[in-house]
Every structure is written in structure tokens, then in C-alpha cells.
J.: 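Here it is, the structure in full.
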Amino acid sequence: MAVAEAEATRAAPRSETKGALAHRIAQFPIHFLLAFIALLWLIPAAGLFVTSILPKEVSGSTGWWHVFSKPSQVTWANYDSIFHNSAITHALWVTLLVRTGATFLPILIASPAGYALAWIDFPGRDYVFVTIVGLMVVPIQMALIPMFSLYNKLNLFDTIPGLILFHTAFALPFAIFLLRNFFAGIPRDLMEAARIDGATEWRLFFKVVLPLGLPAIAALAIFQVLFVWNDFLIGFTLAQDNVPIAPALAGQLRQFSANLDIIAPASFFSAVIPMTIFALFQRYFVQGLLAGSVK
Amino acid sequence: MASTSVRAEFPQPGVAPPAPKPASRIRSLGLPMSFLAPALVLLGVWILYPAIATVIRSLFDDQGNQFVWFDNYDRMFSDSIIYKAIRNNVIWILVAPIMVTALGLSFAVLVERISWASFFKIILFMPLAISLFAVGVIWRIMYQQDPDQGAINAGVKVVHDAFKSTGVLPRAQPSSNALTPQFKLKQPLSAGGVALLGLTGISPGDVPAGAKQAVKPASASGAISGVVWRDFSPGGGKPGVVEKAELGIPGVTVAVSKNGKTVGTTKTADDGTFKVSGASGGGYEVQVAPATFAQPYGGVNWLSAKLVTPAIIAAFLWTSVGFAMVIIGAGLSAISRDVLEAARTDGATEFQVFRRVTVPLLMPVLTVVFVTQMIGVLKVFDLIYAIAPGSVQNDATTLAFEMWKRSFSGQNRFGFGAAIATFLMILFIPFLIYQVRSQRRAN
């Protein structure tokens with residue numbers, strides 16, 4: 001009996017490892033498939049990077065993967081020359097200014113609006129909020145023609161404030177929607193207690209709602225950084241000399257292969273910054289995405 | 001004190017918090033307006049005003065001087081490029097959202113089973129951080145037609161060449177009229193005959209490695225022998241004669257046939273000579289096999305009129321699937337494990353669990369992803385601009401793109417552009433109603 005028991009206890013873990021092994025083998029095709037998909041997703045971006053570090057004569061005539069057989073071709077000269085190209089550096093500077101402005105301004109404007117829509121009672125509040133939710137869907141194309149002539153009249157065309165204001169306006173519906181729903185989740189008792197203590201609405205907003213709302217504000221900031229950086233249409237249409245990086249590169253597309261030594265490094269460099277921000281603050285971004293789009 | 005311990009949480013996916021019941025007394029509008037005014041001004045001036053102005057503008061001519069009723073719409077619906085744009089919009093709407101959702105769902109389900117899930121998610125999510133314009137540049141590089149430049153065609157070429165190889169001499173020509181244009185010796189040979197198959201039009205770089213001075217082989221009894229060589233020497237040389245400094249071409253397939261039946265095929269040696277034995281009598285025809293001259297694979301023209309829209313959609317999938325996967329994955333983790341386990345205990349297969357339990361429970365999340373993608377697809381502009389070369393822009397166009405092109409690319413047809421924008425806005429109205437309704441329901 002004792003022997004049988006001992007054998008049984010010894011056998012049990014063995015069969016378990018066997019099961020785990022079988023399980024692992026069964027999982028193998030999934031690992032393989034997902035590794036293949038991950039590779040498929042990496043190759044295009046890797047291609048842009050490798051193209052960006054090849055000399056013009058090479059990148060214009062042969063595929064970037066040939067570099068693996070001739071690694072000596074690699075050069076940083078393209079980056080050196082785009083950073084000495086005043087059109088590109090100016091565009092990067094404009095991008096930075098517009099991005100900073102269009103990240104802070106929507107937060108500054110949307111947070112009090114979100115607070116009012118969540119916690120201050122006034123007639124027609126729900127209609128205002130529903131209208132703002134509806135505006136989330138309006139495409140930029142709908143605003144371009146009238147704003148183009150208005151910008152020309154107001155001397156906002158081709159100016160950095162003009163671009164920031166346009167971005168801010170189109171960011172507001174989503175920003176207000178996200179913040180209002182987040183602020184509305186703050187425990188009611190807490191708000192009532194502060195009100196009974198005699199706090200004004202502005203005081204409540206600054207002392208209670210803003211600190212508690214920080215995660216949502218952080219998510220919104222990251223959204224804005226990525227979306228404003230992403231923009232092409234607004235800068236392309238409403239600016240001429242003070243254009244952000246993507247519209248600045250548009251003219252180079254005509255001679256695509258011949259201009260790869262400018263297009264590739266500038267595109268890659270412009271992607272690195274949002275990718276880094278994204279990688280650092282990924283958690284907030286995903287949370288915000290979930291709060292904002294999953295209802 | 002107590003307030004510091006209270007933390008606000010992001011709402012759970014699937015439930016938005018209801019608006020707290022407002023305090024009973026109605027305050028004057030002054031206070032809420034002090035919070036809302038900047039937002040309302042910006043929304044009013046930058047979105048509401050131009051949206052209405054665009055609708056009105058669409059009833060005026062391109063210069064904006066004359067009221068023309070629906071002339072712009074009339075012109076729009078008789079414009080063949082607008083038809084292409086609408087057709088492409090339909091393709092986008094039918095293909096892209098469903099593929100993004102389906103791929104996002106499959107990846108979200110599969111990735112739950114691996115230990116490196118977060119790594120996989122970051123890789124697939126990363127393209128979302130790249131601007132669509134840069135994504136366009138990335139894919140334009142991928143889609144280059146020459147298989148030596150475009151990575152996709154390089155991949156296609158590997159598969160293609162596995163079945164059909166490129167010839168040794170893609171561009172050669174017969175050197176004399178002893179050969180037909182099909183590289184067949186005009187005079188049939190008898191056993192012991194020697195075939196001289198001279199070729200020209202071969203650049204020095206195309207001569208296969210290891211080629212040696214061509215040699216005219218001696219006649220061999222009971223065999224057909226011969227030589228395939230580059231019938232050209234630096235001084236010119238005499239066509240049809242093997243001379244000094246003329247190289248034999250190795251590796252060429254030579255076919256010997258009689259009465260239309262192949263007697264034997266062989267490959268030439270380094271000096272270009274070949275020999276097919278077992279010949280008797282006459283009537284042997286000698287030909288350099290056509291495979292020798294097969295053209296190298298030229299690659300698929302992805303950015304041609306027919307393929308450009310699918311090509312741009314593929315690039316769109318690359319940027320969007322990660323987003324769908326993350327959202328659906330969050331919905332997936334909110335599903336109770338017990339429900340899935342119960343189904344498994346009842347004997348359901350993994351696929352049945354997926355179809356009958358997981359997917360129905362995920363429906364709200366899948367709908368959100370699907371609708372978000374539909375809205376995104378209708379707005380696509382940068383990708384088309386960056387990927388489609390100028391020559392096929394009209395084949396890749398969509399309404400959002402055409403609106404910009406007619407108004408701003410130097411055409412200045414603002415009345416026409418406003419009509420396109422208004423039509424586009426009408427397409428967005430179902431989504432607008434959906435958004436408003438789902439927010440109302442949440443409240």
C-alpha cells in the first residue's frame with residue numbers, strides 16, 4: 001500500500017508535467033502564428049527606418065533590406081542634412097508649438113466645461129451636452145471652406161494661433177465628453193459635503209474635481225499629442241509657410257524615390273516623438289481610450 | 001482627510017456612469033456660463049458656424065456671387081470622378097471596418113493564450129502613434145513595384161521564382177540568321193553534327209559567372225554536339241564563328257528533338273559546349289530552350305488604378321487593428337471566467353464557446369469598434385494623399401479627398417467642394433444619431 005501510495009504521489013506530478021508539455025506543444029502553432037503577425041507588423045516601420053539611414057543613391061534604387069548584406073552603407077548623413085534644412089527644422093518647430101498649444105488649450109477649456117455639464121444644474125444642460133456629443137462626428141471637411149475665408153479675413157491664415165485654435169475646437173467635443181463622464185463618476189457625497197462646507201463651484205472645481213480628474217486629463221493630453229501630431233489636413237489647408245512637418249513633406253512626394261533621403265528621415269523622426277510619448281504613457285492612453293470609446 | 005482617500009476610477013467598459021441628479025434649485029445661467037463660455041465660443045465659431053455656412057455655400061456658385069440652387073449637386077452627380085469617389089467610399093465602408101473588427105477580435109482572443117501578450121500588443125498598437133502621413137510614406141516604400149525596391153514584391157518574387165525561374169539570359173538575341181527568332185537552328189542536323197548557337201545582345205554583366213573561352217566541339221559519332229556562346233568579341237568578330245575572346249555561356253538548357261519529339265535536353269558546360277548522345281540518322285532539330293530567355297519577374301503594380309484602393313486599405317488595417325485589438329481585449333477581460341468555464345464544462349468546444357458565448361457577450365464592444373472605424377474610414381485623407389501617386393489619384397479618391405481637391409489644390413471650386421462636404425455630412429448623420437442615442441441611453 002505504502003509503495004503504491006508513494007508511486008501514486010510520484011506519478012502525479014509526472015503526468016502533470018506531461019500535460020503541461022502537451023499543452024505547450026498544442027500552443028506552438030499559436031505562438032508561431034502570432035510571432036509571424038508581429039513580424040509582419042514590424043517590417044514596414046523597420047523599412048522606413050532603414051531607408052532613412054541609407055544614402056540617396058542607394059535608397060532610390062535598391063530595397064532597404066539589401067543593407068543587411070552591405071551594412072557599410074549605413075549613414076546618418078540624411079539626418080544631418082534634414083537638421084540643416086531650414087524648411088524642415090522650421091516645420092518641426094511649428095509642429096512643436098502647435099502641438100503644445102493644442103494639447104494644453106483643449107484641457108484648459110474642456111475641464112471647466114466638463115465640470116459644469118456634470119455638476120452644475122442649469123436649464124437645457126442635457127441638450128448642450130448631447131449637442132456636443134453630436135459634434136464629435138462632424139468631419140473637418142465640413143469646416144474647411146468657410147474657415148479658410150474667415151482666416152483670410154481675420155489674418156489667422158498661416159499663423160500658429162490659427163492652427164492651434166482650429167485643432168482645439170475640433171478636439172473639444174471629445175475632450176468635454178471624456179472629462180464630463182469622468183467627473184460625473186466622482187462620488188456624490190464628497191461633492192455634497194464640500195458644498196455644505198460652503199465651497200464655491202470654482203473652488204470645488206479646483207480643489208476637488210481637478211485633482212481627482214488627473215488620470216482622465218493625462219489620457220486626454222496624450223490623445224491630443226498624438227492626434228495633433230497626426231494632423232495633415234488642417235496644416236495643409238490653413239497654412240502656407242508656417243506648416244507642420246507632414247504638410248511640409250507633401251511637396252516632396254511628387255518625386256518619391258528621388259526624395260527618399262528627405263522624406264524617410266523626416267517621416268521617421270516625426271514618428272519617433274509620438275511613439276516615445278506613447279510608449280512611456282501607454283497605460284493612461286489605453287485607459288482613456290477605453291473610457292472614451294467604450295460605452 | 002477623507003477626501004484624500006477617495007479616488008475616481010475610469011468607468012468600466014460597457015457602463016458609463018449616470019449623471020448625478022442635479023441639485024434641486026435652478027441657478028442663474030451666469031455661473032454655468034462662466035465655466036462653459038470659452039468652449040461654446042470655440043465650438044460655435046469653429047464647428048457650428050462653418051458647418052451651416054458650408055451648407056449655404058453649396059447653393060452658391062464657385063466664386064460665391066450667385067445663388068444657383070442645387071446646380072452644384074447636379075454637377076456633382078454627373079461627374080465621373082465623384083462616382084469613383086462614391087464607389088471607393090462604398091468599398092472602404094464595406095471592407096475596412098469589418099476587417100479591422102474581425103482581425104482585432106481574432107488577435108485579442110489568440111493573444112490571451114500567450115505569455116508575451118503585452119509585447120505583442122505594443123507592436124500592433126505602435127502604428128497608431130505614427131501619423132497617417134508617415135504611415136503613407138511607409139507603405140509607399142513597401143509598395144514600390146520593382147521587386148528589388150519594394151519589400152512586398154520582393155516577397156512575391158520569392159514565391160513566384162519558386163515556381164518559375166528567371167532565365168540565364170533574359171535579353172539575348174540570335175547572332176546570325178542561322179537561328180530562328182525562337183533560337184532554333186534552321187538546318188536540322190544528322191548524328192555527329194555540330195550545332196553553332198551564337199547569341200548577341202548580352203551585356204558583359206549578364207554573362208553567367210564561370211564562363212570560359214568558347215570552344216567549337218569536335219564532331220562526335222552517334223551524338224549531337226555543339227556550343228552556345230556570346231558571339232561577340234571586343235573588335236566585333238564574325239557572326240556565326242567561334243573566335244578568340246568570345247565566351248561560352250554555361251548553364252543554358254539546349255533541347256534536341258526529332259519529328260517534334262524531344263530526344264534529350266542538356267545544360268551547357270563552362271565553355272558553352274554540350275552533347276546529346278544516342279542520335280542516329282538525320283532530322284535532329286536543336287533549340288536553345290525558351291526558359292533561358294525568361295524575363296525576370298517584374299512585380300505587381302500595387303499602385304495601379306485597379307489595386308490602389310485595396311493597397312491603401314491594407315495600410316489602414318496596419319494602423320487600426322491594434323486599436324481594435326486593445327479595446328476588444330479589454331471587453332474580453334471583463335467577461336466572467338465562470339461563464340466560459342460553465343460552457344466548457346457543458347462540453348462545448350473552444351470554437352463553440354467563442355461563437356455562442358464570447359462573441360454575443362462582446363457585441364456592445366464590437367459595435368463600438370465597428371462604428372468608430374466606419375466614422376474613421378469616411379474621413380480618410382492623408383493616407384490617400386501620401387500613398388497614391390498623382391497619376392492614380394483619381395482612382396484612389398474618396399469624397400473626403402475629393403472635397404479637399406476640388407476646393408484647395410488650386411482648383412478653388414468652393415461651391416462644388418461645399419456640395420461634396422454637405423453630401424459627406426449627410427452620410428455622417430446616422431453615426432451622429434447613434435452617438436447621441438448611446439449617450440442618452442448611458443444617462
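Here is the naming used below: chain letters follow the sequence lines, and residue numbers restart at 1 for every chain.
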J.: Flag the one option from A:W202, A:W41, A:F205 with the top tally of heavy-atom pairs under 4.5 Å to chain B.
T.: A:W41

J.: Counting heavy-atom pairs under 4.5 Å to chain A, which of B:V111, B:L124, B:I123, B:I375 comes out on top?
T.: B:L124

J.: Heavy-atom distances under 4.5 Å only: say whether A:L108 touches chain B with side chain, backbone, both or neither.
T.: neither

J.: Taking 4.5 Å as the heavy-atom cut-off, does anything in residues 266-275 of chain A contact chain B, and if so which residues?
T.: A:S267, A:A271, A:P274, A:M275

J.: Please identify, among A:V137, A:I245, A:I176, A:I277, the residue contributing the most non-hydrogen atom pairs under 4.5 Å to chain B.
T.: A:V137

J.: Minimum heavy-atom separation for B:M142 to A:I43, with atom names?
T.: CE-CG2, 4.1 Å

J.: Taking all non-hydrogen atoms of both residues into account, name the closest pair between B:K379 and A:M136 and its distance.
T.: NZ-O, 4.0 Å

J.: Which bit of B:F381 comes within less than 4.5 Å of chain A, counting heavy atoms only: side chain, backbone, both or neither?
T.: side chain

J.: Under the side-chain contact (heavy atoms from CB on, under 4.5 Å) criterion, do B:I141 and A:I263 qualify, and how do the steps go?
T.: CA-CA 11 Å; B:I141 295 172; A:I263 300 172; over 6 Å; no

J.: Using atom types as modelled, flag every donor-acceptor pair under 3.5 Å from a side chain in residues 142-149 of chain A to any protein atom, sequence neighbours excluded.
T.:
unit_1 : atom_1 : unit_2 : atom_2 : d
A:S149 : OG     : A:I145 : O      : 3.4
A:S149 : OG     : A:P146 : O      : 3.1

J.: Most heavy-atom pairs under 4.5 angstrom with chain A, which of B:F120, B:Y49, B:F119?
T.: B:F120

J.: With only heavy atoms counted, which part of B:L383 is less than 4.5 Å from chain A, the side chain, the backbone, both or neither?
T.: neither

J.: Between B:R57 and chain A, which part of the residue has a heavy atom less than 4.5 Å away: side chain, backbone, both or neither?
T.: side chain

J.: Once rounded to the nearest 0.5 Å, what's the spacing between atom CG of B:L36 and atom CD1 of A:I132?
T.: 6.5 Å

J.: Could you walk me through whether A:H66 and B:D148 satisfy the side-chain contact (heavy atoms from CB on, under 4.5 Å) test, starting with their C-alpha distance in whole Å, then the side-chain angles of each, then the deciding distance to 0.1 Å, before giving a yes or no?
T.: CA-CA 9 Å; A:H66 292 287; B:D148 210 36; 3.0 Å; yes

J.: Between A:L260 and B:Q149, does the side-chain contact (heavy atoms from CB on, under 4.5 Å) criterion hold? Intermediate values first, please.
T.: CA-CA 12 Å; A:L260 263 177; B:Q149 290 188 49; over 6 Å; no

J.: Begin with the C-alpha distance, continue with both residues' side-chain angles, and end with the deciding distance and a verdict on side-chain contact (heavy atoms from CB on, under 4.5 Å) for A:V138 and B:L48.
T.: CA-CA 9 Å; A:V138 175; B:L48 224 49; over 6 Å; no

J.: Using non-hydrogen atoms only, which part of A:A110 is less than 4.5 Å away from chain B: side chain, backbone, both, or neither?
T.: neither

J.: Go through the atoms of A:L214 and report whether side chain, backbone, both or neither lie under 4.5 Å from a heavy atom of chain B.
T.: neither

J.: Which region of B:L432, side chain (C-beta onward) or backbone (N, CA, C, O), has a non-hydrogen atom less than 4.5 Å from a non-hydrogen atom of chain A, or is it both or neither?
T.: both

J.: Give, for atom CG of A:L117 and atom CZ of B:F35, the distance between the pair rounded to the nearest 0.5 Å.
T.: 11.0 Å

J.: Kindly check if the number of other-residue, nucleotide or ligand heavy atoms within 6.0 Å of CD (A:Q255) is above 12?
T.: no

J.: With chain A, which of B:A154, B:A53, B:G150 has the greatest number of heavy-atom pairs at distances under 4.5 Å?
T.: B:G150

J.: Give, as side chain, backbone, both or neither, the part of B:S409 having an atom under 4.5 angstrom from any heavy atom of chain A.
T.: neither

J.: To the nearest 0.5 Å, what is the distance between CD1 on A:I120 and OG on B:S34?
T.: 6.5 Å

J.: Relative to chain A, which of B:I52, B:V371, B:L43 shows the most heavy atom pairs under 4.5 Å?
T.: B:L43

J.: Indicate the atoms forming the closest heavy-atom contact of B:W46 with A:A169, along with that distance.
T.: CB-CB, 3.2 Å

J.: Out of B:A151, B:P38, B:G64, return the one with the most heavy atom pairs under 4.5 angstrom to chain A.
T.: B:A151

J.: Can you give each donor-acceptor pair under 3.5 Å made by side-chain atoms of residues 125-139 of chain B, sequence neighbours left out, with the distance rounded to 0.1 Å?
T.:
unit_1 : atom_1 : unit_2 : atom_2 : d
B:S131 : OG     : B:A134 : N      : 3.2

J.: Quick one: what part of A:V128 sits under 4.5 Å from any heavy atom of chain B, side chain, backbone, both or neither?
T.: side chain

J.: Can you spot which of B:Y385, B:F408, B:F401, B:W404 makes a side chain to side chain contact (heavy atoms under 4.5 Å, CB included) with A:L233?
T.: B:W404

J.: Can you tell which part of A:T168 gets under 4.5 Å to a heavy atom of chain B, answering side chain, backbone, both or neither?
T.: side chain

J.: If you look at every heavy atom in A:I30 and B:L110, which pair is closest and at what distance?
T.: CG2-O, 4.1 Å

J.: Measure A:A175 against the heavy atoms of chain B and call it side chain, backbone, both or neither at under 4.5 Å.
T.: neither

J.: Relative to chain B, which segment of A:Y115 carries a heavy atom at a distance below 4.5 Å: side chain, backbone, both, or neither?
T.: side chain

J.: Among B:V55, B:I47, B:L42, single out the residue with the greatest number of heavy-atom pairs under 4.5 Å to chain A.
T.: B:I47

J.: On a heavy-atom basis, which atom in B:P147 and which in A:W65 lie closest, and how many Å separate them?
T.: O-CZ2, 3.5 Å

J.: Where does A:I140 contact chain B at under 4.5 Å (heavy atoms): side chain, backbone, both or neither?
T.: neither

J.: List for me each residue that meets salt bridge (Lys or Arg N to Asp or Glu O under 4.0 Å) alongside B:R113, sequence neighbours excluded, and say none if there are none.
T.: B:E350

J.: Taking all atoms of both residues into account, what is the closest heavy-atom pair of A:A35 and B:W116, and its distance?
T.: N-CH2, 3.5 Å

